[in-house]
Q: 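Starting off with a structure, shown below.
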Protein chains: 2
Amino acid sequence: MRKRRARKQFAASDPFAGIASNLSRLVEPVLLYLLATDRAHYGYEFMEEAAHFAITDAHIDAAVIYRTLRALEQNGFVISSWAPGASGPARRLYEVTPAGLEHLKRWAVVVDQRGRAMVYFAQLCNQL
Amino acid sequence: MRKRRARKQFAASDPFAGIASNLSRLVEPVLLYLLATDRAHYGYEFMEEAAHFAITDAHIDAAVIYRTLRALEQNGFVISSWAPGASGPARRLYEVTPAGLEHLKRWAVVVDQRGRAMVYFAQLCNQL
DNA sequence: ACTCCATATATGTACTTTGCATATAGTACC
DNA sequence: GGTACTATATGCAAAGTACATATATGGAGT
């Protein structure tokens with residue numbers, strides 16, 4: 001008889017726990033950064049801006065953007081409000097909260113560490 | 001009626017296509033590197049050696065190791081053979097192929113680029 | 001008015017990957 | 001026989017992702 005395991009639940013409970021899996025795309029910190037630097041303010045705009053970041057893959061799916069923004073809001077890292085579009089449908093505008101900025105700072109430490117480790121690893125590989 | 005989509009198949013067909021998802025853990029290049037430098041030669045040994053690499057998370061699950069090794073073998077990047085264990089059950093010993101070394105070189109380029117981008121991104125974050 | 005297109009958000013769902021548990025088995029020691 | 005360590009392998013559910021689809025606003029062209 002297989003025991004019913006209680007699988008670890010992250011995302012909503014401990015927002016920083018899922019860092020290993022999010023690290024692959026770094027969507028979360030990039031969105032926070034774009035918001036914090038006033039480069040993007042709503043979902044559709046993020047799609048275009050995020051593409052300029054070499055840190056992420058060339059294309060980030062819209063679904064990932066919208067769902068990540070919702071997750072960030074649930075964790076209190078951003079707040080949204082509706083605003084009329086310049087031409088077209090309404091936009092959901094996002095703002096970073098102080099907690100969101102702190103979260104980005106924590107991300108920065110992890111990204112820096114892993115980034116350095118990766119550069120170092122690449123160097124080791126080239127010495128073969 | 002929902003259309004049956006033909007989802008992109010990677011892994012076996014184009015071994016380098018799954019780089020985005022594998023990038024999170026970098027298990028594949030680390031295993032190849034450990035093999036190439038004679039630091040590990042079979043699954044169980046990889047588990048202990050890989051833990052010393054800061055590039056990956058502290059712990060890599062055994063299942064990931066074994067499945068990654070199998071995938072590498074299917075793609076012709078490693079070859080395996082059975083050998084008696086020093087004390088205990090037999091081990092499946094792995095060797096890197098020339099194709100595997102090339103694959104590692106390609107990985108190194110990507111890891112270096114992304115690593116630099118991450119360090120740069122962290123720097124941008126710290127300037128906020 | 002109607003079609004077409006860009007903008008904009010949201011969600012359904014199948015697929016992939018991952019993490020934990022379990023299965024199996026050889027050797028060693030008591 | 002029982003326990004512990006070594007060693008490989010796999011089942012399965014959770015988590016994450018990719019693609020498709022649904023809905024809707026507003027502008028340009030006909």
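Proteins come first, then strands; the chains are lettered A, B, ... in the order of their sequence lines, and each starts at number 1.
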Q: Under 4.0 Å, heavy atom to any atom of DNA chain C: which of residues 31-49 of chain A qualify?
A: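 A:Tyr42, A:Gly43, A:Tyr44, in order of number.
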Q: Can you sort out the partners of A:Arg116 under salt bridge (charged side-chain N to carboxylate O under 4.0 Å, His left out), two or more places apart, ordered by chain and number?
A: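 Salt bridge (charged side-chain N to carboxylate O under 4.0 Å, His left out) list for A:Arg116, sorted by chain: A:Asp112.
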Q: Tell me which residues in residues 80-93 of chain A put a heavy atom below 4.0 Å from DNA chain C, sorted by number, or none.
A: A:Trp82, A:Pro89, A:Ala90, A:Arg91, A:Arg92
Q: Run the salt bridge (charged side-chain N to carboxylate O under 4.0 Å, His left out) test against A:Arg67 and tell me which residues pass, sequence neighbours left out.
A: none
Q: To the nearest Å, give me how far apart CZ (B:Arg70) and P (D:dA7) are.
A: 17 Å
Q: Nearest whole Å is fine: how far is C:dT7 P from A:Tyr66 OH?
A: 11 Å
Q: Between B:Glu45 and B:His41, is there a donor-acceptor pair closer than 3.5 Å when you use the side chain of the first and the backbone of the second?
A: yes
Q: To the nearest Å, how far apart are A:Glu73 CD and C:dT9 C1'?
A: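 Atom-to-atom, A:Glu73 to C:dT9, this comes out as 13 Å.
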Q: Are A:Phe46 and A:Ile60 side-chain neighbours, meaning at least one heavy-atom pair lies under 4.5 Å?
A: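 Not in contact.
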Q: Specify the separation, in whole Å, of atom CZ of B:Arg67 and atom C1' of C:dT22.
A: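 Computing the B:Arg67:CZ to C:dT22:C1' distance gives 12 Å.
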Q: Could you check how far CD1 of A:Ile65 sits from C1' of D:dT17, rounded to whole Å?
A: 13 Å
Q: In Å, rounded to the nearest 0.5 Å, how long is the span from CG of B:Leu69 to CG of B:Leu31?
A: 5.0 Å
Q: Rounded to whole Å, please give me the gap between CG in B:Asp61 and C1' in D:dA9.
A: 12 Å
Q: Using atom types as modelled, flag every donor-acceptor pair under 3.5 Å from a side chain in residues 83-96 of chain A to any protein atom, sequence neighbours excluded.
A:
residue : atom : partner : partner atom : Å
A:Arg91 : NE   : A:Tyr42 : OH           : 3.3
A:Arg91 : NH2  : A:Tyr42 : OH           : 3.2
A:Arg92 : NH1  : A:Ser80 : OG           : 2.9

Q: Which residues satisfy the side chain to side chain contact (heavy atoms under 4.5 Å, CB included) test with B:Glu48, sequence neighbours excluded?
A: B:Tyr44
Q: Apply side chain to side chain contact (heavy atoms under 4.5 Å, CB included) to residues A:Glu102 and A:Phe77 and explain how you reach the verdict.
A: CA-CA 9 Å; A:Glu102 265 185 60; A:Phe77 298 142; over 6 Å; no
Q: Whole angstrom is fine here: how far is it from CG in A:Leu69 over to C1' in C:dT9?
A: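 A:Leu69 atom CG is separated from C:dT9 atom C1' by 11 Å.
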Q: Can you tell me how far P of D:dA18 sits from CD1 of A:Ile60, to the nearest Å?
A: 9 Å
Q: Going hydrophobic residue to hydrophobic residue with side-chain gaps under 4.5 angstrom, can you get from B:Met118 over to B:Leu128?
A: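 They do share one cluster, since a chain of ILVMFWY contacts under 4.5 Å joins B:Met118 to B:Leu128.
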